[in-house]
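Just so you know, ligand 1 is whichever comes first in the structure, and atom 1 is the first atom listed for that ligand. In this text the structure is predicted, and so the values were computed from the model without any measurement.
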Amino acid sequence: MQNITIETITKEYDVHMGSNIIQEALSLYKEQLLSADQIVIIADRTVANLHINKLVTPLQTITNGRIKVYEVPPGESCKTIETFYDCHSFLLNENCSRKSVLFAFGGGACGDLTGFVASTFMRGIPFYQIPTTILAHDSAVGGKTAINHSQGKNMIGSFYQPEAVFYDISLLSTLPENEVRSGMAEVIKHALISNQQWVNELFEVQDFSTLTTSNLQEYLCKGIVVKAEIVKGDEFEHGSRKFLNFGHTYGHAIENTIGYGHITHGEAVMIGMVYALMLSEELTELESGFARKFFLHALKLGYTFDAILTKTYEELFEVMIRDKKASHGDLHFVLLNKVGDPISKIISKEQGHKMDKQLKNWVREESI
Ligand SMILES: NC(=O)c1ccc[n+]([C@@H]2O[C@H](COP(=O)([O-])OP(=O)(O)OC[C@H]3O[C@@H](n4cnc5c(N)ncnc54)[C@H](O)[C@@H]3O)[C@@H](O)[C@H]2O)c1
Ligand SMILES: [Zn+2]
C-alpha cells in the first residue's frame with residue numbers, strides 16, 4: 001500500500017493507495033471508527049450495485065457491524081439540493097449525531113456531495129473518501145465539496161477536508177471507456193502543468209486499454225502529488241491553486257452548453273486543454289506545433305471534439321464570462337509558458353474568438 005500525505009492549513013491526512021487495500025487502510029483508523037456512534041456510507045447507486053461489499057464487509061469486521069448505506073443517484077445527478085436534503089433526512093432518521101462518521105463511495109460527484117453533507121450535518125462531522133473513478137484522484141484531494149445550483153455547477157459548497165482517502169485501484173476495472181478518458185484527461189492535465197518528462201511518457205500511451213494497474217497507480221500517485229503540492233501552498237485558491245483549472249475555462253463552457261451528461265467532465269477539459277495550448281502558442285513562449293501534436297494525440301486516444309461545432313463562440317463566451325473564476329468582465333485563462341510552467345493571463349474576447357475559429361477548423365479538417 002502506497003501512502004501520500006496531504007498537508008493543508010486546516011488538516012493533514014493520508015491517501016492510501018493500491019489494489020484491494022480497503023481492509024488494511026481501514027484498520028489504521030480503527031480507534032476513530034470504533035468511537036463513532038453511527039457509520040453511514042453514502043454510495044453512488046451504480047457503484048454500490050457493483051462493489052458495496054468491498055467496503056461494507058471490512059467495515060463490519062472492524063466495527064462489529066453498525067454500518068448503514070444510503071444510495072444516491074449515479075454520477076452528477078446526485079449533486080442536487082434535493083439529494084443533499086435527503087441525505088440529511090436519512091442521517092437524522094438514523095439518529096446520527098456529531099459523533100457519527102460518513103464514507104463517500106463513488107466518483108467525484110458522490111465525493112463532492114458527501115463532503116458537503118459532512119461539512120454541514122450538525123455543523124460538521126468527519127468523513128472518509130473512497131474514490132471509485134480515475135478522475136476522483138483529483139476530486140478526492142484538496143477539500144473542495146459542492147452541489148449544483150440551477151444557475152451553475154458547484155455553486156453551493158465549502159472547503160472541508162476528509163479524514164483520509166482510501167484509493168482501491170481494483171474498483172476502477174468496471175469503469176466505462178468514456179469515464180476512463182474523462183479521468184485520464186485530468187491525469188494529463190496534472191502532467192502538463194508540472195513535468196515535461198511525464199508528458200513525454202504519456203505521449204507514448206496510444207490506447208488506454210493497454211494501461212496496466214501498475215501504470216495507472218503510478219499516474220494517479222503522481223497526479224495526487226502534483227495536486228497536493230499546489231493545495232499545500234494555496235488551500236483556498238487565492239493564487240497558484242488556479243493552475244489546476246488549466247483547460248477548465250473553455251472546458252466548463254463546453255460542458256455547460258452541451259449539457260451535463262452528454263459529455264464527461266474530463267472529455268470537455270481535454271477540448272479546453274487543446275484550446276488553452278493554442279492560446280499559449282499565440283501568447284506565451286510555448287513551442288510552436290505543440291498544441292497540434294497534442295490535439296492529434298488526443299484524437300488517437302479516442303477523445304472527440306465535434307461537440308464544439310454545434311456551439312457558437314458567443315454561446316461559449318457568455319458562459320466563460322459568468323464563470324466564478326472570471327472577474328470584472330475579463331477572461332482569466334491558465335496558459336503554459338512551457339510544459340510544467342503554468343501562468344495566468346487575461347484574454348480579450350477577440351483573442352478567444354480567433355482560437356475558437358482555429359480549433360473548429362482543425363476539428364472540421366479531421367472529420368472529413
Ligand atoms: N472537488 C473537486 O476538487 C473536484 C475536482 C474535479 C472534479 N470534481 C467533480 O467530480 C465530478 C465528476 O466526477 P467523476 O468524473 O469521478 O464522475 P462521477 O462521479 O460523475 O461518475 C461518473 C459515472 O461513473 C460511474 N462510476 C463511478 N465509479 C464507477 C466504477 N468503479 N465502475 C463503474 N461505474 C462507475 C458513476 O455511477 C457515474 O455514472 C463532477 O461533479 C466534478 O465537478 C470535483
Ligand atoms: Zn476538472
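Ranking the protein heavy atoms by distance from atom 26 (N) of ligand 1 puts Val47 CG2, 3.8 Å first. Residue, atom and distance of the protein heavy atom nearest to atom 20 (O) of ligand 1 are Gly75 CA, 3.3 Å. Among protein heavy atoms, the minimum distance from atom 9 (C) of ligand 1 is reached at Asp112 OD2, 3.4 Å. The nearest protein atom to atom 28 (N) of ligand 1, hydrogens excluded, is given as Thr132 OG1, 2.8 Å; this is a heavy-atom distance. The protein heavy-atom contact nearest to atom 7 (C) of ligand 1 is Leu135 CD2, 3.6 Å. With hydrogens left out, the protein atom closest to atom 23 (C) of ligand 1 is Glu179 OE2, 3.5 Å, a heavy atom. For atom 4 (C) of ligand 1, the nearest non-hydrogen atom of the protein is Ser139 CB, 3.2 Å. Here the protein heavy atom with the shortest distance to atom 41 (O) of ligand 1 is Glu76 OE1, 2.6 Å.
Contacts between Asp44 and ligand 1 below 4.0 angstrom, taking non-hydrogen atoms only, involve the side chain exclusively. When non-hydrogen atoms are compared, ligand 1 lies under 4.0 Å from neither the backbone nor the side chain of Thr145. No part of Arg241 comes within 4.0 Å of ligand 1, judged by heavy-atom distances. At a heavy-atom cutoff of 4.0 Å, ligand 1 is contacted by both the backbone and the side chain of Lys144. Looking at Asn154 against ligand 1, only its side chain comes within 4.0 Å, counting heavy atoms. Here Leu175 has heavy atoms under 4.0 Å from ligand 1 in both its backbone and its side chain.
Applying the 4.0 Å criterion to heavy atoms of Pro74 picks out, from ligand 1, the atoms 37 (O). Atoms of ligand 1 lying under 4.0 Å from at least one heavy atom of Thr133, given by number and element, are 14 (P), 16 (O), 27 (C), 28 (N). Heavy-atom proximity to Lys153, at under 4.0 Å, picks out these atoms of ligand 1: 40 (C), 41 (O), 42 (C), 43 (O). Here is the list of ligand 1 atoms found below 4.0 Å of a heavy atom in Lys79: 40 (C), 41 (O), 42 (C), 43 (O). Atoms of ligand 1 found under 4.0 Å from any heavy atom of Lys227 (numbered from 1 in listed order, with element): 3 (O). If you number the atoms of ligand 1 from 1 as listed, the ones under 4.0 Å from a heavy atom of Leu50 come out as 32 (N), 33 (C). Annotation for ligand 1: atoms under 4.0 Å from non-hydrogen atoms of Thr174 are 30 (C), 31 (N), 32 (N), 33 (C).
Here Lys68 contributes atom NZ and Cys96 contributes atom SG; the two are 7.0 Å apart, rounded to the nearest 0.5 Å.
For the residue pair His297 and Tyr303, no side-chain donor N or O sits within less than 3.5 Å of a side-chain acceptor on the partner. In this structure, a donor-acceptor pair under 3.5 Å is present between the side chains of Thr264 and Glu267. Gln217 and Ser214 share no donor-acceptor pair across their side chains, judged by distance under 3.5 Å alone. Gln60 and Asn64 share no side-chain donor-acceptor pair at under 3.5 Å. A donor and an acceptor atom, one from each side chain of Gln161 and Tyr13, are located under 3.5 Å apart. Between the side chains of Asn148 and Glu76, a donor-acceptor pair is found at a separation under 3.5 Å. Defined by atom type and a distance below 3.5 Å, a donor-acceptor pair is missing between the side-chain atoms of Gln2 and His16. Looking at Tyr128 and Gln32, their side chains do bring a donor and an acceptor atom within 3.5 Å of each other. With no hydrogens or angles considered, a side-chain donor-acceptor pair links Asn215 and Thr212 at under 3.5 Å.
For the Zn ion (ligand 2), protein N, O or S atoms closer than 2.8 Å were enumerated as Glu186 OE2, His248 NE2, His265 NE2, with waters left out.
Tracing side-chain contacts under 4.5 Å through hydrophobic residues (I, L, V, M, F, W, Y), one reaches Leu359 starting from Met320; they form part of the same cluster.
Between Gly108 and ligand 1, an N or O atom pair is found at a separation short of 3.5 Å. Inclusion of Asp138 in the set of residues having an N or O under 3.5 Å from an N or O of ligand 1 is not warranted. Considering backbone and side-chain atoms alike, Leu171 places an N or O below 3.5 Å from some N or O of ligand 1. Between Glu186 and ligand 1, no pair of N/O atoms sits closer than 3.5 Å.
Note on Glu177 versus Arg181: salt bridge recorded, some NZ/NE/NH1/NH2 to OD/OE distance being below 4.0 Å. Using a 4.0 Å cut-off between a side-chain N of Lys or Arg and a carboxylate O of Asp or Glu, Lys54 and Asp168 do not qualify as a salt bridge. Asp112 and Lys144 are not joined by a salt bridge, as no carboxylate oxygen comes within less than 4.0 angstrom of a charged side-chain nitrogen. One finds a salt bridge joining Lys222 and Glu201 here, because a Lys/Arg side-chain nitrogen approaches an Asp/Glu carboxylate oxygen to under 4.0 Å. Between Glu350 and Lys354, none of the side-chain N atoms (NZ, or NE/NH1/NH2) sits under 4.0 Å from a carboxylate O, so this pair counts as no salt bridge.
Within the 4.0 Å heavy-atom shell around ligand 1 one does not find His252.
Looking at Ala146, Ala109, Ala185 and measuring to atom 19 (O) of ligand 1, the nearest heavy atom belongs to Ala109.
Applying the ring pair (Phe, Tyr, Trp, His ring centres under 6.0 Å) rule to pairs touching residues 41-79 yields Tyr70-Phe90, sequence neighbours excluded.
With contacts defined as side-chain heavy-atom distances shorter than 4.5 Å, the pair Lys189/Glu186 qualifies.
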Step-by-step ring-ring contact (aromatic ring centres under 6.0 Å, His included) determination, Phe103 to Phe127: CA-CA 5 Å; Phe103 279 79; Phe127 85 114; 9.4 Å; no
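For atom 44 (C) of ligand 1, a protein heavy-atom neighbour is present inside the 4.0 Å cut-off.
Nearest heavy atoms, Tyr160 versus Ser119: CG-CB, 3.2 Å.
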